[in-house]
Protein chains: 2
Amino acid sequence: MKATWIWYPGDFEIWLGNKFNNRRTERGAMLPPFWKQDSHWPTVVFTKSVEMDKNEDVSIFAEGQFNISIDGHLRPTLPSFFIPAGRHTLAVKVWNQATPPALFIEGEHVVTDATWQVTYEDKIWIDEEGVAHGAGIYVPVGCGHFDKSSTPPSSFRMPATEALPVGYERCDETGKMRDRRLYDFGREVFGCLKIKGLKGTADIFYGESREEALDTEHCETLDSVSSYDSKFCLEPDTYRLDSKAFRYAFIETDIDTCYDDVAVDIEMAPFDAEHSGSFHCSDEELNSIWRVSARTLELTTQEFFMDGIKRDRCVWSGDAIQSYLMNYYLHFDTDCVKRTIRQLRGKDPVTAHVNTIMDYTFYWFISIKQYYDYTGDLDFVREMWPRMLTLMDYVLSRTNTDGMAEGRSDDWIFVDWVDFPMHKRGALCFEQLLLLKALETMAFFAAIFSRSTAINATPSVSCPLCSDSVAVLRTKIKSTFWSDTHHAYLHALEDGKRNPQVTKFPNMFAILYGLATPEEQRLITRHVMLNPDVPPITTPYMRFYELEALCQMGLHNRVLKEMKDYWGGMLRLGATSFWEKYNPQEQGTQHLAMYGRPYGKSLCHAWGASPLYILGKYFLGVRPTKAGYEEYEVQPMLGGLQWMEGEVPTPFGKISVKADGHSVCASSDGGHGWLIAAGRRVAIEPGKETIIKI
Amino acid sequence: MKATWIWYPGDFEIWLGNKFNNRRTERGAMLPPFWKQDSHWPTVVFTKSVEMDKNEDVSIFAEGQFNISIDGHLRPTLPSFFIPAGRHTLAVKVWNQATPPALFIEGEHVVTDATWQVTYEDKIWIDEEGVAHGAGIYVPVGCGHFDKSSTPPSSFRMPATEALPVGYERCDETGKMRDRRLYDFGREVFGCLKIKGLKGTADIFYGESREEALDTEHCETLDSVSSYDSKFCLEPDTYRLDSKAFRYAFIETDIDTCYDDVAVDIEMAPFDAEHSGSFHCSDEELNSIWRVSARTLELTTQEFFMDGIKRDRCVWSGDAIQSYLMNYYLHFDTDCVKRTIRQLRGKDPVTAHVNTIMDYTFYWFISIKQYYDYTGDLDFVREMWPRMLTLMDYVLSRTNTDGMAEGRSDDWIFVDWVDFPMHKRGALCFEQLLLLKALETMAFFAAIFSRSTAINATPSVSCPLCSDSVAVLRTKIKSTFWSDTHHAYLHALEDGKRNPQVTKFPNMFAILYGLATPEEQRLITRHVMLNPDVPPITTPYMRFYELEALCQMGLHNRVLKEMKDYWGGMLRLGATSFWEKYNPQEQGTQHLAMYGRPYGKSLCHAWGASPLYILGKYFLGVRPTKAGYEEYEVQPMLGGLQWMEGEVPTPFGKISVKADGHSVCASSDGGHGWLIAAGRRVAIEPGKETIIKI
């Protein structure tokens, strides 16, 4: 029996999320997010019923003060306790205000593991004789990765790998008594700068670009470290600063200060290269795009999937859902997906949209359906279900008189960063499409879970039967926003009037989410997606969905060209990771600016890595058709490439694909797959290569 | 300008409440309560708009990591910051996971004080230019008592006064090599035992009674302290244990261990004797009852009003409401009332009744109305209003099809500890009466606050207009429970049938809460309250309301006799504080037992101190008739005493009362009062003595 640390599900992520989100700094000042931060339950009870063949002494470790009871009787609080043979109910109550209460019990047969239950409220009542009755609401514990008594959850730290700069240049100024050096780490890194042998005080200015690091007045992040202060001292003579994102570090000291060496402890979530996705093809530029995309996603995969590693450094739902999808085609790190989904949701009561953004609430729901599609992990959905219900309650309590999601004061309607005028007033078609997909998600899982389960978990829930809502909303979106004149879904309904602006946003989602009929899809493709008069999308964020929609319309050749133009454009400007935004029209240092700040743009932003997803799902053509790849399709599309080969990770291992002008070929480690090509659909037998000649 | 520490309102109490409620031990094991414990908001923003005539440098102290912004621009995080002349918006964001984020700013003109606002969610949204819009829900900060930068809220500790034992006896056993001494502190104390000059290890067994301390196998609390361990070391050679309640401490050591001296640091909430209530009369026993009641209330007035100081040591709503009422006639410690009300309510979402007990939820509402009656402090009610709404939502979401409060699985229906069979199934008349009073409280304040205010504070609230609910429920209680046959309100409605049991509980509340007509009141008094066939009440808890009802019926002579019998009975058994329960029929050590445990009874229980309230309100006869004693009545009733005199604290000072067989006399420091006696009603002019001859 293997013991592991256990805690209240979601609480580890909420606590870690606060540490994570509050670690962002702007020129030295901390800069937490502006939404509600929750806390773990400070006092919880872990319990399990055991049946023992013989007596057993077990060791107990807890993060927090605790007590132990067996069959309702308190035992002395000692490092071990005795469980007599027979059937018993163990209960350990742990209180910890600062970090999540956690428990580790290690015996021969009794160990803490996923089979334990936990409550934050053991809701009992006492009779005249002092006998306790009743029980709280118990749920399965949270656990994972903390398998030693000496490494409890609060000790969590990202693994780090040391890397050295590729070189430095001296930037001394005439007449100034300062030592100034610009270190170049060769590519974007995320981690903790280390200065070895420091004697004196050093000021560090970080830059994702050379320009930023050298611009000490405007660079986004900076540090100061002194050997007279123990704050950053890691070991004698070595100082390690808090994590930052940078390629360049400009270090300024006065001439009395000296140091020997500079390095960085690079932090990234660990992954298993053996079980990761891959992609190679006849186009070297596309191979670079895939590699830099992979690097971008790896740098942004930390405790959680984060947006940009320099600025923000936050967990954002709209960014995260894209990271999840890319991740299903790269490292299949389902733990990080679950951590991020839990963190984003936080706790009840719901007082605002996820990240305060309405669209981001809807993405949160949708991401759970996608997680289920790729992993088949219903346990996680069951864990989230009560919080899905209360979040949907919040959403439905705020719809307008038409039953549509309309921004209220303090709701942020994001959609995208756009370079053209676009109102966000009234009921946006885009938001209704996301709401529709969120409701479909609820209806899908409500059909799986019995209604009674849901009601037990959250007695106050008023969420209507979502399948009805879905049909009503679907009809309403069509009748309200579709325009036969424009051959498009129009932008919004404002004060009862249609705003006839045509943007790509609702139209591409109408394709992706299956609202548009095949005829509408063709009209949209022609009159919106490929219409040069419709304002172009300039963020990789929405290009993700744009390219996906084009792929769904079979326009792989065009998508290939656009990837090479757009992502290739960043590479030609020297990108070592992909950016938050890229406008080919901009020149020189304009590429570094955003939000009115000269270096405000993030040069390593998760949503820049979408080629991972596009190439995996639409070129290699691998996608689950039954949850967790129990069934799946492989439909390779070369899109103009001479040949390509690649692998896609799945819960059971990998699916490998090869294609050229003569044949397509797939093999897999499990599941029931179909290879689709040349009008044929052939079963893929695990462990054997399946080929279709073209 | 005087600076003070500020925090999110209620969060100090929630954090302190967890420390407080988790400090209880049972034979060395911690024993937290079994209901949900909440946490402070870990990240909050404090803000204030200031208008400065000139530049100012201010010092800043925070509990937690923080940032400072002026007019939306971040400033360097330093121990002081500069505010230029002009109008500015200051905002300080503080993050603290372990203790409530708190702030202290000290300048010449800018200081943190009650005029600041705070939010846990500054809900903004960012536009393309990086400009922030929107605002969170800001509320006035919590503050009070922490007026020095060096004493932040987390440093809170109860004041302590050292006291020495009155003596000790040796209890060595023949043939055993152990040193055993029983220390007697002369009366019940609450505090930390100190052992001075300890060398070796001492085991301490505490007792509220001699029997308990000597019964090392069964005493409820114990400790062990060793000079080889720094855990309890206070200063060289002095060890101070965690707080306990006891009169006796039995200390056992082996003969190699020695110590010099034993003392106790007594902990109690501080009070101002100058502004406290008093009572003296011609009956010395009654004077003792008043003094021991006062001592009982003082011992149970700690960080919060707690129930019993030995066992439980928890904040219980049903106990607390009685402490509040007694307190209005003793020390008028409104801070402790507010702390306790905040702590009991905790945070949303509501997942169970207050302390898991349905009656206790209702008492919580009622206590706020009473607090307002005695203090006139509407600001506090306004602070609690959003949480009153959501708690009432919870209550109303769980009423049965008749609109009555009926216990659901896991709801604890307490009423009282009774020595006779009494079902708690179905809809109890007692519970409906409390619900009625709670709804009246909501309706009363809803009429004061505009509906819009309420809706803004809690958008999801579905609480119906409570004045309608009040009328409906009032009629329903009458028609359902009143029996002309029994001349009483019957016990319950079970499965659609009336349970015809007659108990005092609903009947005395029907008198107290004004449901019973004058005719019903007379019938109830004769057929229930004074009927020896109706099972007697044996807890001081419900005797509180029983005696109050008898006073309302003018039966002061009988009440005086009952007080002397019941509370006098405890005194005659040596009580130095009043007990959780007293049954005159029991003999010897039976008085110590409860909950099936030989020393399970608490010998110092707040609800034992009710004579303070009865004597102040119904004998001295002082009660506010307009909130905060803006108007009040003094209607002295000797109830058989030859003379009495006393004082009652009020927001404006005191009201003094004297009465004997010849005259009654009152004077006061403020308010508009009326002295009522001998059929007359005479205005009391502040500062002058008003007399009515009889």
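Just so you know, these numbers use all the heavy atoms, side chains as well, and skip hydrogens, waters and symmetry mates. Residue numbering restarts at 1 for every chain, and letters A, B, ... go by the order of the sequence lines.
- Under the ring-ring contact (aromatic ring centres under 6.0 Å, His included) criterion, B:Phe81 pairs with no residue, sequence neighbours left out.
- Put simply, of B:Trp15, B:Tyr595, B:Phe34, the one with the most heavy-atom pairs under 4.5 Å next to chain A is B:Phe34.
- Taking 4.5 Å as the limit, some side-chain heavy atom of A:Asp38 sits within range of a side-chain heavy atom of B:Trp41.
- Residue A:Val44: no heavy atom, backbone or side chain, is found under 4.5 Å from chain B.
- Ranked by heavy-atom pairs under 4.5 Å with chain A, the first of B:Lys347, B:Gln65, B:Met594, B:Lys36 is B:Lys36.
- Contact annotation for B:Leu31: both backbone and side-chain heavy atoms come within less than 4.5 Å of a heavy atom of chain A.
- In terms of heavy-atom pairs under 4.5 angstrom with chain A, the leader among B:Pro42, B:Gly28, B:Ser409, B:Gly596 is B:Pro42.
- Not one N or O on the side chain of B:Asn67 forms a donor-acceptor pair closer than 3.5 Å with the backbone of A:Ala29.
- Side-chain atoms of B:Glu121 and A:Thr351 include a donor-acceptor pair closer than 3.5 Å.
- For A:Trp95, there are no ring-ring contact (aromatic ring centres under 6.0 Å, His included) partners, not counting sequence neighbours.
- The part of A:Asp416 that comes within reach of chain B is its backbone (N, CA, C, O), which places non-hydrogen atoms under 4.5 angstrom from that chain.
- Chain A forms the most heavy-atom pairs under 4.5 Å with one residue out of B:Thr119, B:Val350, B:Val418, B:Val45, and that residue is B:Val418.
- Both the backbone and the side chain of B:His40 come within contact range of chain A, each with at least one heavy atom under 4.5 Å from a heavy atom of that chain.
- Both the backbone and the side chain of A:Ser39 come within contact range of chain B, each with at least one heavy atom under 4.5 Å from a heavy atom of that chain.
- In this structure, chain B has a heavy atom under 4.5 Å from the backbone of A:Phe66, while its side chain stays farther away.
- Using a 4.5 Å cut-off between heavy atoms, A:Asn355 makes no contact with chain B at all.
- For A:Arg27, no part lies near chain B; criterion is any non-hydrogen pair under 4.5 Å.
- Residues B:Asn18 and A:Thr43 fail the side-chain proximity criterion, which asks for heavy atoms closer than 4.5 Å.
- Using a 4.5 Å cut-off between heavy atoms, B:Pro76 does not touch chain A at all.
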